[in-house]
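Following: one structure in structure tokens, then a few remarks.
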Amino acid sequence: MAIQRTQPDDTVSDDERAWWKEAVVYQVYPRSFNDSDGDGVGDLQGLVDRLDYVASLGVDVIWLNPVYDSPQEDNGYDISDYQAIYEEFGTMEDWETLLEEVHDRDMKLIMDLVVNHTSRDHEWFVESRQGNPEYEEYYIWREGDGDDLPNNWESFFGGSAWEYDEEREAYYLHLYDTSQPDLDWSNEDVRQDVFDTIEWWLEKGIDGFRMDVINLLSKVDGLPDGDPDSEWVGSEHFIDGPEMTEYLAAMDEQVLSNYDIMTVGEMPQLTVEEAREYADADGPLDMAFHFQHTKLDYDGDERWAVGEWDLTELKEIIGRWQNGLQDEGWNALYWENHDQPRVVSRYGDPVNYRRESAKLLGTFMLTLCGTPYIYQGQELGMTNAPWESMDEMRDVDAINHARELIESAGHESYEDVQDVVAYRSRDNARTPMQWDDAENAGFTDGDPWIQVNPNHDEVNVEAAEADDDSVLNYYRDLVDLRERKDVLVYGAYDDLLPDHESVYAYTRTMTENGDTEQVLVVLNFFDERPTVELPVEYDEATLLLSNYDRADDAPDTVSLAPYEARIYRLD
Ligand code: GLC
């Protein structure tokens, strides 16, 4: 057996293994998953009712978006009580039932940890704005008279990051919505309260956390102005700030290290070098979400403009992360989440090759090194929805930016900016899960809080279950393959065609106890019919999975159909 291009270190030892590396995660956005009581909003009981479906995917972990008490200005990322459940989602007993039912199915549950900011309705903020000495310094306040802003930092959702508070007669910082004031992490009492909250949930038996914008906790002293031309003004002073690793190390030491859990940080603007440092710093993070591959279809740095994307750039990004974290840290693999538009509508073809391209994109995500996160509906090949008017939109981010675009660029109405707003809106991920072809896609008996994608008459779980060739059943095969093949989890990644503009081909190679296993993945990302020669050597090639009906054939020269994906085992 001759293995082409074996990696210098493709061996895996026992202490490199971990349950969370071998896991596949399924993300549930409870507001849009399943409504059990007909109020138009998904809820915990609704999720419990669908747990058999989730388990049938073969996934190991559920990441649940925030279910804490909240005024829902940012759909639960504005928390008013960390230890209570939002009423429309259910009660703490419902949540306890959920945890039990998840564990009964041999899955794990991780919760969202949102501690860069709270809601303005949180008791800490209410006390803080009143100047109660105990909470006075819990948030980032700056004096001002309502005219001069403390600095030029911007909110991610548009506009200034400062809001003037009449009651305290001062400005508070909010890097997101005005309803989401940033906590002052330099205050030890804040840190202690947050650590206590984390411990409280861990004691309830959860299996880990997804940590919201966790690299934003530390702000540079003095809060200096940021570069006015940067993508997010001020970010060089609040992303990966000076105390970040110290805060995370303390969190780990005091709480997290006492539990066998998994943690994944959401880290805007993260680079591989920083990811390695975070991993190195012995912090609480097992892995982190970076955003580089989600910006390929921006126009330059501009999120609210759509640009052409380039496969070689995707290869370059993925290669950097795959190779960069091979010996230090671990990748979190994702295409979609509740903040990203549907991937088929971005990097696939939702009109002519929805099924093929959804499968191709799934093949890619589930055959890379790292822990894959499947977002609800991705396994159906759900697509972006039409957003015909602003009234249909719910997302504070999309609505704010649509308004800004209309005002700033001399546009007159929503129609003028509809193309980009409808393409980019986070609402695309938040349309209800499509269970069947009934009026509201089986999501609710009431009026859904957000429109149901009209294509639910065709794209839905019921139809997909009845179709052997569905995206859903293909995802099940992918998850199953990954669970059976360690090489797909741990194997070293090697890009075979870094410069090819439409075909992505890579091997994954792993050596354990002297035995080498190798898998070859070939992906045709476009509506073309290329033939490629692959620099692989093998005695025998076995086709493990493909999104077209293919017989085994030699993978050294491959002719591919549009959006074709193949996974071979090479011996
Ligand atoms: C994260 C969340 C997003 C939220 C923001 C503010 O990016 O994923 O949904 O709006 O943080 O909490």
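Whatever order the structure lists them in is the order used to number ligands and atoms, beginning at 1. Note: hydrogens, waters and symmetry copies are ignored here, and every other heavy atom, side chains too, is used. Along the sequence shown, residues carry numbers from 1.
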Exercise. Is the shortest distance from a heavy atom of M267 to ligand 1 less than 4.0 Å?
Worked result: no
Exercise. Are more than 12 heavy atoms from other residues, nucleotides or ligands located less than 6.0 Å from atom CG of D196?
Worked result: yes
For this session: Using a strict 4.0 Å threshold on nitrogen-to-oxygen distance, state whether E316 and R320 make a salt bridge.
Result: yes
Seminar exercise, completed: Going by the 4.0 angstrom heavy-atom rule, the piece of F157 near ligand 1 is side chain
Problem set entry | ligand 1 atoms in contact with H117 (distance to a heavy atom under 4.0 Å) | 6 (C), 12 (O)
Exercise. Is atom CD of E302 surrounded by more than 12 heavy atoms (other residues, nucleotides or ligands) closer than 6.0 Å?
Worked result: yes
For this session: Flag D74 as yes when one of its N or O atoms lies below 3.5 Å from any N or O atom of ligand 1, and as no otherwise.
Result: yes
Problem set entry | Atoms of ligand 1, numbered as shown, that sit under 4.0 Å from any heavy atom of R210 | 2 (C), 8 (O)
Exercise. Salt-bridged, K204 to E96, with N to O below 4.0 Å?
Worked result: yes
Seminar exercise, completed: The atoms of ligand 1 lying under 4.0 Å from a heavy atom of Y176, numbered in the order shown, are 5 (C), 6 (C)
Seminar exercise, completed: shortest atom 1 (C) of ligand 1-to-protein heavy-atom contact is with D212 OD1, 2.7 Å
Exercise. Mind checking whether W20 and W330 have parallel, tilted or perpendicular rings, split at 30° and 60°?
Worked result: perpendicular
For this session: Taking ring-ring contact (aromatic ring centres under 6.0 Å, His included) as the test, write out the residues that go with W304, two or more places apart.
Result: H401
Exercise. Is the closest basic N to carboxylate O distance between R303 and D397 below 4.0 Å?
Worked result: yes
Problem set entry | Numbered atoms of ligand 1 (with element) below 4.0 Å of R426, judged on heavy atoms | 3 (C), 4 (C), 9 (O), 10 (O)
Exercise. Who gets closest to atom 7 (O) of ligand 1 by heavy atom: E266, Q180, H338?
Worked result: E266
Exercise. With atoms numbered from 1 as shown, which atoms in ligand 1 lie under 4.0 angstrom from a non-hydrogen atom of V213?
Worked result: 1 (C), 7 (O), 11 (O)
Seminar exercise, completed: Honestly, for Q340 the part within reach of ligand 1 (heavy atoms, under 4.0 Å) is neither
For this session: Around atom 8 (O) of ligand 1, find the nearest protein heavy atom and jot down its residue, atom name and distance.
Result: D339 OD2, 2.5 Å
Exercise. Does NZ or CZ of R191 lie under 6.0 Å from the centre of the six-membered ring of W185, at an angle within 45° of the ring axis?
Worked result: no
